[in-house]
Peer 1: 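Below is the structure I would like to discuss, written out as C-alpha coordinates.
All chains are named by letter (A, B, ...) in the order of the sequence lines, taking the proteins before the strands, and each is independently numbered beginning at 1. If you're wondering where the values come from, they're calculated on a predicted model, not measured in any experiment.
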Amino acid sequence: MDNRTLPYLLLLPATLFLCVFFLYPFALVAWQAFTNEAGFTLEHFRTMADHWKFPIAFWNTMLLALAVVPVQVVLSITMAMMVTRMQRGRDIMLYIWTIPLGISDLAAGIIWLAIFEQTGFLNSMLYGLGVIEQPTNFLSYQNTWVIFIAIALAEIWRATAIMLVILVAGLGLIPKEYDEAAEVFGASRWQRLWKVTLPLLRPSLQTALILRVILAFEVFAVVAALGGTSLPVLMGETYNYQFELQDGHVAAALALVILAISIAFTLFFLRVLRVPKGAQI
Amino acid sequence: MKHRFFQGYLYPSYTNSVVTKFNSPEAVVAWEKFRELWQYTNPGSTNFSFMQEQLLSEDVWVAFDHTARLAEAFNQRPDDFIAFPAPSGPTGRGFMPVIAGIAIPRTAPDMDGSKELIAYMMKPETQLATLRATSFFPVVDVDLPDDMPPAVQISGAAIAKMSGSADANPGLLPSGLGDEGGKFNQVYVDTFERIVLAGHDIEAVLEDQAGTLRRIMEETGAPCWAPDLPSEGACPVD
(Lines give C-alpha, C1' and ligand atoms only; values in the text may rest on other atoms or scores of the structure.)
Protein backbone atom coordinates (compact mmCIF):
# COMPACT_ATOMS: atom_id res chain seq x y z
CA MET A 1 0.00 0.00 0.00
CA ASP A 2 1.23 3.45 -0.91
CA ASN A 3 2.24 5.30 2.26
CA ARG A 4 0.77 8.55 1.05
CA THR A 5 -2.75 7.26 0.41
CA LEU A 6 -2.99 5.09 3.52
CA PRO A 7 -3.83 7.89 5.99
CA TYR A 8 -6.66 9.09 3.75
CA LEU A 9 -8.01 5.57 3.41
CA LEU A 10 -7.95 5.17 7.17
CA LEU A 11 -9.76 8.48 7.60
CA LEU A 12 -12.39 7.58 5.03
CA PRO A 13 -14.83 5.65 7.30
CA ALA A 14 -14.88 8.42 9.92
CA THR A 15 -15.30 11.06 7.24
CA LEU A 16 -18.16 9.18 5.64
CA PHE A 17 -19.79 8.73 9.03
CA LEU A 18 -19.53 12.46 9.74
CA CYS A 19 -20.92 13.35 6.33
CA VAL A 20 -23.91 11.04 6.60
CA PHE A 21 -24.76 11.58 10.25
CA PHE A 22 -23.63 15.15 10.83
CA LEU A 23 -23.22 17.25 7.69
CA TYR A 24 -26.28 15.90 5.89
CA PRO A 25 -28.68 16.32 8.86
CA PHE A 26 -27.13 19.73 9.52
CA ALA A 27 -27.88 20.79 5.94
CA LEU A 28 -31.45 19.53 6.34
CA VAL A 29 -31.92 21.46 9.59
CA ALA A 30 -30.49 24.63 8.07
CA TRP A 31 -32.77 24.19 5.05
CA GLN A 32 -35.77 23.72 7.33
CA ALA A 33 -34.93 26.81 9.36
CA PHE A 34 -34.62 29.13 6.36
CA THR A 35 -37.41 27.96 4.05
CA ASN A 36 -41.18 27.66 3.85
CA GLU A 37 -43.51 26.67 1.00
CA ALA A 38 -42.66 29.89 -0.83
CA GLY A 39 -38.88 29.59 -0.60
CA PHE A 40 -36.28 31.47 1.47
CA THR A 41 -37.63 33.17 4.58
CA LEU A 42 -36.58 34.56 7.95
CA GLU A 43 -40.13 34.10 9.24
CA HIS A 44 -39.22 31.14 11.51
CA PHE A 45 -36.48 33.14 13.21
CA ARG A 46 -38.95 35.99 13.68
CA THR A 47 -41.53 33.61 15.22
CA MET A 48 -38.82 32.28 17.50
CA ALA A 49 -37.57 35.69 18.62
CA ASP A 50 -41.08 37.13 19.04
CA HIS A 51 -42.17 34.47 21.48
CA TRP A 52 -42.22 35.92 24.97
CA LYS A 53 -40.19 33.04 26.41
CA PHE A 54 -37.29 33.25 23.94
CA PRO A 55 -35.29 36.00 25.71
CA ILE A 56 -35.92 34.31 29.06
CA ALA A 57 -34.78 30.93 27.71
CA PHE A 58 -31.75 32.52 26.04
CA TRP A 59 -30.55 34.28 29.19
CA ASN A 60 -31.33 31.32 31.43
CA THR A 61 -29.13 29.13 29.21
CA MET A 62 -26.32 31.72 29.19
CA LEU A 63 -26.48 32.37 32.93
CA LEU A 64 -26.52 28.65 33.69
CA ALA A 65 -23.37 28.14 31.60
CA LEU A 66 -21.81 31.18 33.26
CA ALA A 67 -22.62 29.92 36.75
CA VAL A 68 -21.72 26.29 36.19
CA VAL A 69 -18.60 26.25 34.00
CA PRO A 70 -16.25 28.47 36.10
CA VAL A 71 -17.06 26.47 39.24
CA GLN A 72 -16.35 23.29 37.31
CA VAL A 73 -13.02 24.65 36.03
CA VAL A 74 -11.82 25.43 39.56
CA LEU A 75 -13.18 22.16 40.96
CA SER A 76 -11.78 19.97 38.22
CA ILE A 77 -8.31 21.59 38.37
CA THR A 78 -8.23 21.16 42.15
CA MET A 79 -9.43 17.57 41.92
CA ALA A 80 -6.97 16.77 39.11
CA MET A 81 -4.04 18.17 41.15
CA MET A 82 -5.14 16.15 44.17
CA VAL A 83 -5.37 12.95 42.16
CA THR A 84 -1.95 13.43 40.51
CA ARG A 85 -0.28 14.00 43.89
CA MET A 86 -1.76 10.86 45.38
CA GLN A 87 0.71 8.04 46.01
CA ARG A 88 -1.82 5.25 46.52
CA GLY A 89 -5.49 4.69 45.73
CA ARG A 90 -5.31 7.08 42.78
CA ASP A 91 -7.33 4.89 40.44
CA ILE A 92 -10.03 4.19 43.00
CA MET A 93 -10.43 7.90 43.68
CA LEU A 94 -10.74 8.62 39.96
CA TYR A 95 -13.34 5.89 39.54
CA ILE A 96 -15.41 7.24 42.41
CA TRP A 97 -15.26 10.80 41.11
CA THR A 98 -16.32 9.76 37.64
CA ILE A 99 -19.35 7.73 38.75
CA PRO A 100 -21.79 10.61 37.98
CA LEU A 101 -20.54 10.49 34.37
CA GLY A 102 -22.04 7.03 34.01
CA ILE A 103 -25.49 8.27 34.96
CA SER A 104 -27.77 9.69 32.27
CA ASP A 105 -28.58 13.37 32.71
CA LEU A 106 -32.28 12.66 33.18
CA ALA A 107 -31.48 10.21 35.97
CA ALA A 108 -29.21 12.84 37.52
CA GLY A 109 -32.08 15.33 37.35
CA ILE A 110 -34.41 12.86 39.05
CA ILE A 111 -31.85 12.19 41.81
CA TRP A 112 -31.66 15.91 42.58
CA LEU A 113 -35.42 16.21 42.33
CA ALA A 114 -35.66 13.56 45.07
CA ILE A 115 -33.53 15.88 47.20
CA PHE A 116 -35.26 19.19 46.53
CA GLU A 117 -38.95 18.34 46.04
CA GLN A 118 -41.58 18.96 48.68
CA THR A 119 -41.48 15.34 49.87
CA GLY A 120 -37.73 15.11 49.28
CA PHE A 121 -34.67 14.44 51.43
CA LEU A 122 -33.80 18.10 52.05
CA ASN A 123 -37.27 18.81 53.41
CA SER A 124 -37.21 15.69 55.63
CA MET A 125 -33.78 16.65 56.94
CA LEU A 126 -34.66 20.27 57.69
CA TYR A 127 -37.93 19.14 59.28
CA GLY A 128 -36.14 16.48 61.34
CA LEU A 129 -33.65 19.09 62.58
CA GLY A 130 -36.50 21.40 63.52
CA VAL A 131 -35.38 24.14 61.09
CA ILE A 132 -38.74 24.25 59.29
CA GLU A 133 -42.22 23.67 60.72
CA GLN A 134 -43.69 22.08 57.61
CA PRO A 135 -42.33 20.86 54.27
CA THR A 136 -41.80 23.72 51.83
CA ASN A 137 -41.89 23.63 48.08
CA PHE A 138 -38.45 24.84 47.00
CA LEU A 139 -38.91 24.30 43.29
CA SER A 140 -41.86 26.57 42.57
CA TYR A 141 -42.29 29.19 39.85
CA GLN A 142 -42.31 31.84 42.60
CA ASN A 143 -38.61 31.52 43.29
CA THR A 144 -36.96 30.44 40.07
CA TRP A 145 -33.54 31.30 41.55
CA VAL A 146 -33.84 28.23 43.81
CA ILE A 147 -34.59 26.12 40.73
CA PHE A 148 -31.59 27.78 39.09
CA ILE A 149 -29.32 26.86 42.03
CA ALA A 150 -30.67 23.29 42.10
CA ILE A 151 -29.97 22.87 38.38
CA ALA A 152 -26.50 24.41 38.75
CA LEU A 153 -25.70 22.02 41.63
CA ALA A 154 -26.97 19.01 39.68
CA GLU A 155 -24.93 20.02 36.63
CA ILE A 156 -21.79 20.59 38.69
CA TRP A 157 -22.23 17.23 40.38
CA ARG A 158 -22.94 15.45 37.12
CA ALA A 159 -20.50 16.88 34.63
CA THR A 160 -17.38 18.07 36.47
CA ALA A 161 -15.81 14.64 35.99
CA ILE A 162 -15.69 15.01 32.22
CA MET A 163 -13.31 17.96 32.66
CA LEU A 164 -11.47 16.13 35.43
CA VAL A 165 -10.62 13.18 33.19
CA ILE A 166 -9.20 15.44 30.47
CA LEU A 167 -7.19 17.51 32.96
CA VAL A 168 -5.74 14.46 34.74
CA ALA A 169 -4.47 13.23 31.39
CA GLY A 170 -3.12 16.71 30.63
CA LEU A 171 -1.29 16.99 33.95
CA GLY A 172 0.35 13.64 33.27
CA LEU A 173 1.82 15.07 30.06
CA ILE A 174 3.65 17.94 31.78
CA PRO A 175 7.29 16.97 32.49
CA LYS A 176 8.08 17.16 36.20
CA GLU A 177 11.33 19.07 35.50
CA TYR A 178 9.60 22.43 35.01
CA ASP A 179 7.96 22.29 38.41
CA GLU A 180 11.16 21.11 40.09
CA ALA A 181 13.20 23.84 38.41
CA ALA A 182 10.75 26.49 39.61
CA GLU A 183 10.92 25.06 43.10
CA VAL A 184 14.73 25.22 43.05
CA PHE A 185 14.52 28.91 42.15
CA GLY A 186 12.31 29.48 45.17
CA ALA A 187 8.87 29.81 43.57
CA SER A 188 6.01 29.28 46.03
CA ARG A 189 3.29 26.65 45.41
CA TRP A 190 0.88 29.34 44.30
CA GLN A 191 3.43 30.84 41.88
CA ARG A 192 4.21 27.42 40.45
CA LEU A 193 0.50 26.77 39.86
CA TRP A 194 -0.06 30.10 38.11
CA LYS A 195 3.23 30.44 36.24
CA VAL A 196 4.12 26.82 35.43
CA THR A 197 1.33 24.28 35.69
CA LEU A 198 -1.65 26.27 34.37
CA PRO A 199 0.13 27.69 31.29
CA LEU A 200 1.40 24.22 30.42
CA LEU A 201 -2.06 22.81 30.99
CA ARG A 202 -3.54 25.19 28.44
CA PRO A 203 -4.16 22.66 25.62
CA SER A 204 -6.08 20.28 27.91
CA LEU A 205 -7.93 23.16 29.53
CA GLN A 206 -8.95 24.33 26.09
CA THR A 207 -10.34 20.92 25.12
CA ALA A 208 -12.11 20.52 28.45
CA LEU A 209 -13.66 24.00 28.29
CA ILE A 210 -14.87 23.66 24.71
CA LEU A 211 -16.45 20.28 25.44
CA ARG A 212 -18.05 21.45 28.66
CA VAL A 213 -19.36 24.76 27.35
CA ILE A 214 -20.96 23.10 24.33
CA LEU A 215 -22.68 20.63 26.67
CA ALA A 216 -23.76 23.49 28.91
CA PHE A 217 -25.64 25.15 26.04
CA GLU A 218 -27.40 21.85 25.35
CA VAL A 219 -28.63 21.46 28.93
CA PHE A 220 -32.09 19.88 28.81
CA ALA A 221 -33.01 16.81 30.87
CA VAL A 222 -31.78 18.12 34.23
CA VAL A 223 -33.75 21.33 33.66
CA ALA A 224 -36.84 19.39 32.61
CA ALA A 225 -36.69 17.24 35.75
CA LEU A 226 -36.06 20.06 38.23
CA GLY A 227 -37.72 23.06 36.65
CA GLY A 228 -40.43 21.73 34.34
CA THR A 229 -41.67 24.77 32.45
CA SER A 230 -40.79 27.19 35.24
CA LEU A 231 -37.24 27.75 34.00
CA PRO A 232 -37.19 27.67 30.19
CA VAL A 233 -33.90 26.99 28.39
CA LEU A 234 -33.13 26.99 24.66
CA MET A 235 -33.03 23.21 24.30
CA GLY A 236 -36.34 22.82 26.14
CA GLU A 237 -37.95 25.37 23.82
CA THR A 238 -36.56 23.48 20.81
CA TYR A 239 -38.15 20.28 22.12
CA ASN A 240 -41.42 22.10 22.74
CA TYR A 241 -41.58 23.49 19.20
CA GLN A 242 -40.69 20.16 17.61
CA PHE A 243 -42.95 17.83 19.59
CA GLU A 244 -45.66 19.87 21.36
CA LEU A 245 -46.25 22.56 18.78
CA GLN A 246 -45.35 20.35 15.77
CA ASP A 247 -43.35 23.16 14.18
CA GLY A 248 -40.08 21.72 12.90
CA HIS A 249 -39.15 25.01 11.21
CA VAL A 250 -38.97 27.05 14.41
CA ALA A 251 -37.32 24.12 16.21
CA ALA A 252 -34.66 24.09 13.47
CA ALA A 253 -34.17 27.86 13.87
CA LEU A 254 -33.65 27.40 17.62
CA ALA A 255 -31.22 24.54 16.99
CA LEU A 256 -29.21 26.82 14.70
CA VAL A 257 -29.10 29.49 17.40
CA ILE A 258 -27.68 26.93 19.85
CA LEU A 259 -25.17 25.83 17.20
CA ALA A 260 -24.13 29.45 16.55
CA ILE A 261 -23.55 30.08 20.27
CA SER A 262 -21.53 26.85 20.54
CA ILE A 263 -19.37 27.78 17.54
CA ALA A 264 -18.82 31.30 18.88
CA PHE A 265 -17.63 30.00 22.24
CA THR A 266 -15.46 27.30 20.64
CA LEU A 267 -13.71 29.95 18.53
CA PHE A 268 -13.36 32.14 21.62
CA PHE A 269 -11.59 29.41 23.61
CA LEU A 270 -9.46 28.39 20.62
CA ARG A 271 -8.25 31.98 20.38
CA VAL A 272 -7.87 32.83 24.08
CA LEU A 273 -6.22 29.58 25.16
CA ARG A 274 -4.11 29.03 22.06
CA VAL A 275 -0.55 27.85 22.57
CA PRO A 276 2.03 29.73 20.46
CA LYS A 277 3.95 27.42 18.11
CA GLY A 278 7.30 27.91 19.87
CA ALA A 279 5.84 27.19 23.30
CA GLN A 280 4.46 23.75 22.59
CA ILE A 281 5.87 20.84 24.57
CA MET B 1 -54.77 19.57 31.35
CA LYS B 2 -54.77 23.29 32.17
CA HIS B 3 -55.37 24.30 28.54
CA ARG B 4 -58.63 22.33 28.65
CA PHE B 5 -59.58 24.11 31.87
CA PHE B 6 -59.25 27.49 30.14
CA GLN B 7 -60.90 26.37 26.87
CA GLY B 8 -63.76 24.32 28.29
CA TYR B 9 -64.40 25.76 31.75
CA LEU B 10 -63.04 29.27 32.39
CA TYR B 11 -63.84 30.91 29.03
CA PRO B 12 -67.33 29.40 28.52
CA SER B 13 -68.29 30.22 32.12
CA TYR B 14 -67.27 33.88 31.78
CA THR B 15 -67.58 34.76 28.09
CA ASN B 16 -69.84 32.05 26.61
CA SER B 17 -67.08 31.67 24.02
CA VAL B 18 -63.67 30.07 23.50
CA VAL B 19 -62.25 31.82 20.45
CA THR B 20 -64.40 34.81 19.43
CA LYS B 21 -64.36 36.58 22.78
CA PHE B 22 -60.79 35.56 23.67
CA ASN B 23 -59.84 39.23 24.03
CA SER B 24 -62.94 40.86 25.55
CA PRO B 25 -63.90 42.73 28.74
CA GLU B 26 -65.55 39.51 29.96
CA ALA B 27 -62.27 37.63 29.39
CA VAL B 28 -60.42 40.27 31.41
CA VAL B 29 -62.83 39.65 34.31
CA ALA B 30 -62.26 35.90 33.96
CA TRP B 31 -58.48 36.22 34.16
CA GLU B 32 -58.71 38.71 37.05
CA LYS B 33 -60.81 36.20 38.98
CA PHE B 34 -58.51 33.33 38.09
CA ARG B 35 -55.42 35.28 39.13
CA GLU B 36 -57.14 36.04 42.44
CA LEU B 37 -57.99 32.36 42.99
CA TRP B 38 -54.48 31.26 42.08
CA GLN B 39 -53.08 32.37 45.45
CA TYR B 40 -54.93 29.43 47.04
CA THR B 41 -53.28 26.82 44.82
CA ASN B 42 -50.19 24.76 45.49
CA PRO B 43 -47.33 26.66 43.81
CA GLY B 44 -45.87 23.34 42.68
CA SER B 45 -48.97 22.66 40.61
CA THR B 46 -47.44 24.10 37.44
CA ASN B 47 -45.55 20.80 37.19
CA PHE B 48 -48.35 18.42 38.29
CA SER B 49 -49.98 16.28 35.62
CA PHE B 50 -52.03 13.32 36.91
CA MET B 51 -53.82 14.89 39.87
CA GLN B 52 -54.64 11.48 41.41
CA GLU B 53 -50.97 11.36 42.51
CA GLN B 54 -51.11 14.67 44.35
CA LEU B 55 -54.49 13.83 45.88
CA LEU B 56 -53.15 10.53 47.22
CA SER B 57 -49.91 12.10 48.49
CA GLU B 58 -52.03 14.96 49.96
CA ASP B 59 -50.02 17.65 48.23
CA VAL B 60 -53.46 19.00 47.31
CA TRP B 61 -56.96 18.46 48.69
CA VAL B 62 -58.95 19.97 45.85
CA ALA B 63 -58.08 19.19 42.23
CA PHE B 64 -59.39 19.67 38.70
CA ASP B 65 -58.63 16.96 36.15
CA HIS B 66 -60.02 14.48 33.63
CA THR B 67 -61.95 11.64 35.33
CA ALA B 68 -59.46 9.10 33.98
CA ARG B 69 -56.63 10.97 35.69
CA LEU B 70 -58.44 10.98 39.05
CA ALA B 71 -59.60 7.36 39.08
CA GLU B 72 -56.81 5.96 41.27
CA ALA B 73 -57.56 8.43 44.07
CA PHE B 74 -61.24 7.38 44.17
CA ASN B 75 -60.45 3.69 43.83
CA GLN B 76 -57.81 3.65 46.56
CA ARG B 77 -59.57 5.90 49.06
CA PRO B 78 -63.27 6.03 48.10
CA ASP B 79 -64.31 7.25 51.55
CA ASP B 80 -61.87 10.16 51.63
CA PHE B 81 -62.60 11.88 48.31
CA ILE B 82 -65.73 13.33 46.76
CA ALA B 83 -66.35 14.48 43.18
CA PHE B 84 -68.33 17.62 42.47
CA PRO B 85 -69.48 19.49 39.34
CA ALA B 86 -67.39 22.25 37.77
CA PRO B 87 -68.30 25.68 39.19
CA SER B 88 -70.49 28.10 37.25
CA GLY B 89 -69.72 31.67 36.20
CA PRO B 90 -71.66 34.66 34.83
CA THR B 91 -72.46 32.82 31.57
CA GLY B 92 -73.30 29.40 32.96
CA ARG B 93 -71.54 26.24 34.02
CA GLY B 94 -68.86 25.62 31.41
CA PHE B 95 -67.64 22.07 30.98
CA MET B 96 -66.15 20.01 28.19
CA PRO B 97 -67.92 16.80 27.18
CA VAL B 98 -66.27 14.77 24.43
CA ILE B 99 -68.27 13.83 21.37
CA ALA B 100 -66.70 10.93 19.54
CA GLY B 101 -67.29 10.08 15.89
CA ILE B 102 -66.14 6.93 14.17
CA ALA B 103 -65.48 6.74 10.44
CA ILE B 104 -64.13 4.24 7.95
CA PRO B 105 -61.91 5.50 5.12
CA ARG B 106 -63.55 4.90 1.73
CA THR B 107 -60.38 3.05 0.67
CA ALA B 108 -60.37 0.63 3.62
CA PRO B 109 -59.39 -2.85 2.33
CA ASP B 110 -61.87 -4.71 4.56
CA MET B 111 -65.06 -2.68 4.79
CA ASP B 112 -67.15 -5.43 6.43
CA GLY B 113 -64.47 -6.16 9.01
CA SER B 114 -64.27 -2.45 9.89
CA LYS B 115 -68.03 -2.24 10.32
CA GLU B 116 -67.97 -5.29 12.58
CA LEU B 117 -65.20 -3.73 14.67
CA ILE B 118 -67.20 -0.53 15.09
CA ALA B 119 -70.34 -2.47 15.99
CA TYR B 120 -68.28 -4.33 18.59
CA MET B 121 -66.82 -1.15 20.02
CA MET B 122 -70.29 0.39 20.35
CA LYS B 123 -71.77 -2.62 22.20
CA PRO B 124 -72.81 -1.77 25.78
CA GLU B 125 -70.62 -4.60 27.19
CA THR B 126 -67.53 -3.25 25.42
CA GLN B 127 -68.28 0.30 26.55
CA LEU B 128 -68.71 -0.89 30.15
CA ALA B 129 -65.47 -2.87 30.00
CA THR B 130 -63.66 0.27 28.76
CA LEU B 131 -65.25 2.31 31.54
CA ARG B 132 -64.20 -0.20 34.19
CA ALA B 133 -60.62 -0.28 32.94
CA THR B 134 -59.99 3.37 32.07
CA SER B 135 -62.75 5.57 33.59
CA PHE B 136 -63.62 6.81 30.09
CA PHE B 137 -67.42 7.03 30.16
CA PRO B 138 -69.66 5.29 27.57
CA VAL B 139 -70.47 7.16 24.37
CA VAL B 140 -73.67 5.16 23.88
CA ASP B 141 -76.72 4.98 26.13
CA VAL B 142 -75.90 2.38 28.80
CA ASP B 143 -77.42 1.59 32.19
CA LEU B 144 -74.53 1.45 34.64
CA PRO B 145 -74.56 -1.72 36.74
CA ASP B 146 -74.10 -1.40 40.54
CA ASP B 147 -70.76 -3.16 40.75
CA MET B 148 -68.72 -0.45 39.01
CA PRO B 149 -65.38 0.63 40.58
CA PRO B 150 -65.67 3.49 43.11
CA ALA B 151 -64.09 5.97 40.67
CA VAL B 152 -66.86 5.38 38.14
CA GLN B 153 -69.64 5.64 40.71
CA ILE B 154 -68.28 8.77 42.38
CA SER B 155 -67.30 10.74 39.26
CA GLY B 156 -70.33 9.44 37.33
CA ALA B 157 -72.71 10.99 39.86
CA ALA B 158 -70.92 14.35 39.66
CA ILE B 159 -70.90 14.31 35.85
CA ALA B 160 -74.63 13.51 35.75
CA LYS B 161 -75.33 16.40 38.14
CA MET B 162 -73.16 18.77 36.09
CA SER B 163 -74.59 17.95 32.68
CA GLY B 164 -78.15 17.92 34.04
CA SER B 165 -77.85 21.30 35.76
CA ALA B 166 -80.08 24.17 34.61
CA ASP B 167 -77.13 26.42 33.77
CA ALA B 168 -75.08 23.76 31.96
CA ASN B 169 -72.97 25.32 29.18
CA PRO B 170 -71.11 22.52 27.42
CA GLY B 171 -68.21 23.45 25.13
CA LEU B 172 -66.72 21.08 22.60
CA LEU B 173 -63.14 20.01 22.13
CA PRO B 174 -61.28 22.23 19.64
CA SER B 175 -61.79 20.88 16.13
CA GLY B 176 -60.68 21.58 12.59
CA LEU B 177 -57.19 22.67 13.68
CA GLY B 178 -55.22 19.75 12.21
CA ASP B 179 -51.63 19.76 13.40
CA GLU B 180 -51.99 23.32 14.71
CA GLY B 181 -53.79 21.89 17.78
CA GLY B 182 -50.63 22.15 19.87
CA LYS B 183 -50.17 25.82 18.98
CA PHE B 184 -53.84 26.53 19.73
CA ASN B 185 -53.40 25.06 23.21
CA GLN B 186 -50.15 26.96 23.64
CA VAL B 187 -52.02 30.26 23.21
CA TYR B 188 -54.07 29.51 26.34
CA VAL B 189 -51.11 28.15 28.30
CA ASP B 190 -48.95 31.17 27.35
CA THR B 191 -51.77 33.52 28.33
CA PHE B 192 -52.02 31.79 31.71
CA GLU B 193 -48.25 31.78 32.32
CA ARG B 194 -47.91 35.44 31.39
CA ILE B 195 -50.91 36.74 33.33
CA VAL B 196 -50.94 34.51 36.39
CA LEU B 197 -47.35 33.31 36.83
CA ALA B 198 -45.35 36.20 35.40
CA GLY B 199 -47.82 38.89 36.48
CA HIS B 200 -48.05 40.66 33.10
CA ASP B 201 -50.84 43.15 32.36
CA ILE B 202 -54.04 41.26 31.41
CA GLU B 203 -55.21 43.55 28.58
CA ALA B 204 -51.78 43.67 26.93
CA VAL B 205 -51.34 39.88 27.09
CA LEU B 206 -54.82 39.21 25.68
CA GLU B 207 -54.23 41.70 22.87
CA ASP B 208 -50.92 40.07 21.99
CA GLN B 209 -52.10 36.44 22.25
CA ALA B 210 -55.30 37.26 20.31
CA GLY B 211 -53.02 38.05 17.34
CA THR B 212 -51.47 34.58 17.52
CA LEU B 213 -54.91 32.98 17.96
CA ARG B 214 -56.30 34.89 14.95
CA ARG B 215 -53.38 33.75 12.80
CA ILE B 216 -53.95 30.10 13.76
CA MET B 217 -57.69 30.31 13.05
CA GLU B 218 -57.11 32.00 9.67
CA GLU B 219 -54.35 29.59 8.64
CA THR B 220 -56.42 26.50 9.46
CA GLY B 221 -59.79 27.99 8.48
CA ALA B 222 -61.35 26.15 11.42
CA PRO B 223 -64.99 27.19 11.93
CA CYS B 224 -66.33 27.97 15.42
CA TRP B 225 -67.49 25.26 17.78
CA ALA B 226 -69.82 25.45 20.80
CA PRO B 227 -70.24 27.58 22.82
CA ASP B 228 -69.09 29.98 20.05
CA LEU B 229 -71.83 30.57 17.45
CA PRO B 230 -71.35 28.74 14.13
CA SER B 231 -69.27 30.75 11.64
CA GLU B 232 -68.94 30.95 7.87
CA GLY B 233 -65.29 30.04 7.35
CA ALA B 234 -62.61 30.60 9.99
CA CYS B 235 -63.82 31.34 13.50
CA PRO B 236 -63.30 35.10 14.04
CA VAL B 237 -61.35 36.55 16.98
CA ASP B 238 -62.86 39.90 18.02
Peer 1: Measure from the side-chain N and O atoms of A:Thr144 to the backbone N and O of A:Tyr141, and report whether any donor-acceptor pair falls under 3.5 Å.
Peer 2: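 Checking the backbone N and O of A:Tyr141 against the side chain of A:Thr144, no donor-acceptor pair under 3.5 Å is found.
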Peer 1: Take B:Tyr188 and B:Phe5 through the test ring-ring contact (aromatic ring centres under 6.0 Å, His included) and record every step on the way to the result.
Peer 2: CA-CA 9 Å; B:Tyr188 294 84; B:Phe5 176 81; over 10 Å; no
Peer 1: Go through the atoms of A:Glu244 and report whether side chain, backbone, both or neither lie under 4.5 Å from a heavy atom of chain B.
Peer 2: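 It is the backbone, since no side chain atom gets that close.
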Peer 1: In terms of ring plane angle, is the pair A:Phe26 and A:Phe22 parallel, tilted or perpendicular, where the classes change at 30° and 60°?
Peer 2: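 Answer is parallel, since the angle falls under 30°.
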Peer 1: Give, as side chain, backbone, both or neither, the part of B:Glu180 having an atom under 4.5 angstrom from any heavy atom of chain A.
Peer 2: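 For B:Glu180, no heavy atom lies under 4.5 Å from chain A.
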Peer 1: Quick one: what part of B:Asn42 sits under 4.5 Å from any heavy atom of chain A, side chain, backbone, both or neither?
Peer 2: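 Only the side chain of B:Asn42 comes within 4.5 Å of chain A.
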Peer 1: Quick check on A:Asp50 against chain B: is it the side chain, the backbone, both or neither that has a heavy atom closer than 4.5 Å?
Peer 2: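 No part of A:Asp50 comes within 4.5 Å of chain B.
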Peer 1: Given B:Arg77, which of B:Asp79, B:Asp80, B:Asn75 fulfils the side-chain hydrogen bond (donor to acceptor under 3.5 Å, both in side chains) condition?
Peer 2: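 When B:Asp79, B:Asp80, B:Asn75 are each tested with B:Arg77, the side-chain hydrogen bond (donor to acceptor under 3.5 Å, both in side chains) holds only for B:Asp80.
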Peer 1: Is the side chain of B:Thr91 donor-acceptor paired with the backbone N or O of B:Ser13 at a distance under 3.5 Å, no angle test?
Peer 2: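 Checked: pair present.
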Peer 1: Please look at B:Asp208 and chain A and tell me whether the side chain, the backbone, both or neither of the residue comes under 4.5 angstrom of a heavy atom of that chain.
Peer 2: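 It is neither, since no heavy atom gets under 4.5 Å.
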